[in-house]
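Structure first, then comments.
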Amino acid sequence: MRIATWNVASLRPRLERVEAWLAANEPDVCCLQETKCSDEAFPTMAFAALDYEAAHHGNGQWNGVAILSKVGLEGVRAGFTGPRAREDDEARLLVARCGGVEIASMYVPNGKAVGHESYVSKLDWLDRLSGELEASFDPSSPAAFCGDYNIAPEDRDVWDISQFEGATHVSAPERAAFARLLEWGLVDSTRYLRPDEVGPFSWWDYRAGAFHKGWGMRIDLVLVTRPLVARLESAHVDRDARKRGIKAATAPSDHAPVVVDLSD
DNA sequence: ATGGTAGCGCTGCTA
């Protein structure tokens, strides 16, 4: 079973790239973030033409998450549940059961700057995520929490930690929130399989030629529960999808897809 | 060519 996660940085201008990537890489499940679509505008038929069922949760303009699956799509639920639900839900969480695995597509708030109102709501969102794990999931059942975490778990998950003093994505409270997910029972599949590497990065700023300078971060992650750890075969980042390409009409996303392969 | 990029939507926000 191949699981992918990709922050597409708006689906409409990227649809051709996403279609081509799906056809070439054939993930069984692909989680998308930052679709920036309403549910009405989501291109369900384009994905159906590639043999994917699709679920989407989006309000248009900002955020928006989707799950594409070739191995079934059942029990779809959008957003947090119970006391963690909010009327001002920003469409950052979507869950469904695909091929016997609970799949979550997640877009953690960016946070803007340490101490900013958005940073506070980022930590609150992560707190709600932990609450959701405890209330609605079982660490002994197969589950994969895929998406843009907007957290670099370790210093080697950024290109130069000295450039990140006082920055978001590496602050102690964000990493503590991330550690809480691991303490619940999740395992960072890429780091588990590739324990001695720098990165591999999944995001590079559009500005200043960051991609070509190697100024990236590893913030797109596939966290899995223990039953799936035993099935982990490989994990990689498709850097080619971050390249512009000679004839492409629109720019690539600033994120590259992360791909995890599980044994059956 | 002296330039942080890109998308959304139309002025400035978000990332």
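Hydrogens, waters and symmetry mates are skipped; everything else that's a heavy atom, side chains included, is used. Chain naming here is simple, since letters A, B, ... match the order of the sequence lines and numbering starts at 1 in each. These numbers come from a predicted model, not from an experiment.
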Can you give me every donor-acceptor pair (side chain of residues 219-230 of chain A, partner residue at least two apart or in another chain, under 3.5 Å) with its distance?
residue, atom, partner, partner atom, Å
Asp220(A), OD1, His255(A), ND1, 3.3
Asp220(A), OD2, Ser202(A), OG, 2.6
Asp220(A), OD2, His255(A), ND1, 2.8
Thr225(A), OG1, Ser141(A), O, 2.6
Thr225(A), OG1, Ala143(A), N, 2.9
Thr225(A), OG1, Ala143(A), O, 3.4

Tell me the interatomic distance from Asn7(A), atom CG, to dT14(B), atom P, rounded to whole angstroms.
16 Å
Is a side-chain donor or acceptor of Asp254(A) paired with a backbone partner of Trp203(A) at a separation under 3.5 angstrom?
no
Distance between P atoms of dG4(B) and dC8(B) (Å, rounded)
22 Å
Rounded to whole angstrom units, what separation is found between the CD atom of Gln163(A) and the P atom of dG4(B)?
19 Å
Grab the NE2-P distance between His116(A) and dC13(B) for me, whole Å please.
10 Å
Go through the structure and list residues passing ring-ring contact (aromatic ring centres under 6.0 Å, His included) with His57(A), not counting sequence neighbours.
none
Would you mind reading off the distance between Glu90(A) atom CD and dA15(B) atom C1', rounded to a whole angstrom?
13 Å
From NZ of Lys112(A) across to P of dC13(B) the rounded distance in Å is 9 Å
Suppose the criterion is ring-ring contact (aromatic ring centres under 6.0 Å, His included): which pairs have a residue in residues 90-125 of chain A, not counting sequence neighbours?
Phe80(A)-Trp125(A)
Can you tell me how far P of dT14(B) sits from CG of Asn59(A), to the nearest Å?
15 Å
If I pick the P atom on dG3(B) and the same atom on dC13(B), what distance separates them, to the nearest angstrom?
23 Å
Taking only N/O atoms, report every protein-nucleotides 5-8 of chain B pair under 3.5 Å with atom names and distance.
residue, atom, partner, partner atom, Å
dT5(B), O4', Tyr206(A), O, 3.2
dA6(B), OP1, Arg244(A), NH2, 2.7
dG7(B), OP1, Arg14(A), NH1, 3.0
dG7(B), O3', Ser10(A), OG, 3.2
dC8(B), OP1, Ser10(A), OG, 2.5

Can you tell me which residue pairs pass the side chain to side chain donor-acceptor pair (under 3.5 Å) test with a partner in residues 44-55 of chain A, sequence neighbours excluded?
none
Students often get this wrong, so: under 4.0 angstrom with heavy atoms, is Phe211(A) touching a base, only sugar-phosphate, or nothing?
nothing
Same-atom distance (P) from dT14(B) to dC10(B), integer angstrom
15 Å
Between Gln33(A) (CD) and dA15(B) (P), how many Å, whole number?
14 Å
Report, one line per pair, each donor and acceptor closer than 3.5 Å where one atom sits in a side chain of residues 66-75 of chain A; sequence neighbours left out.
residue, atom, partner, partner atom, Å
Ser69(A), OG, Val71(A), N, 3.0
Ser69(A), OG, Gly72(A), N, 3.4
Ser69(A), OG, Gly72(A), O, 2.7

If we ignore hydrogens and angles and just use 3.5 Å, is the side chain of Arg92(A) paired with the main-chain N or O of Asn63(A) as donor and acceptor?
no
To the nearest angstrom, the CZ-C1' distance between Arg92(A) and dA15(B) comes to 10 Å
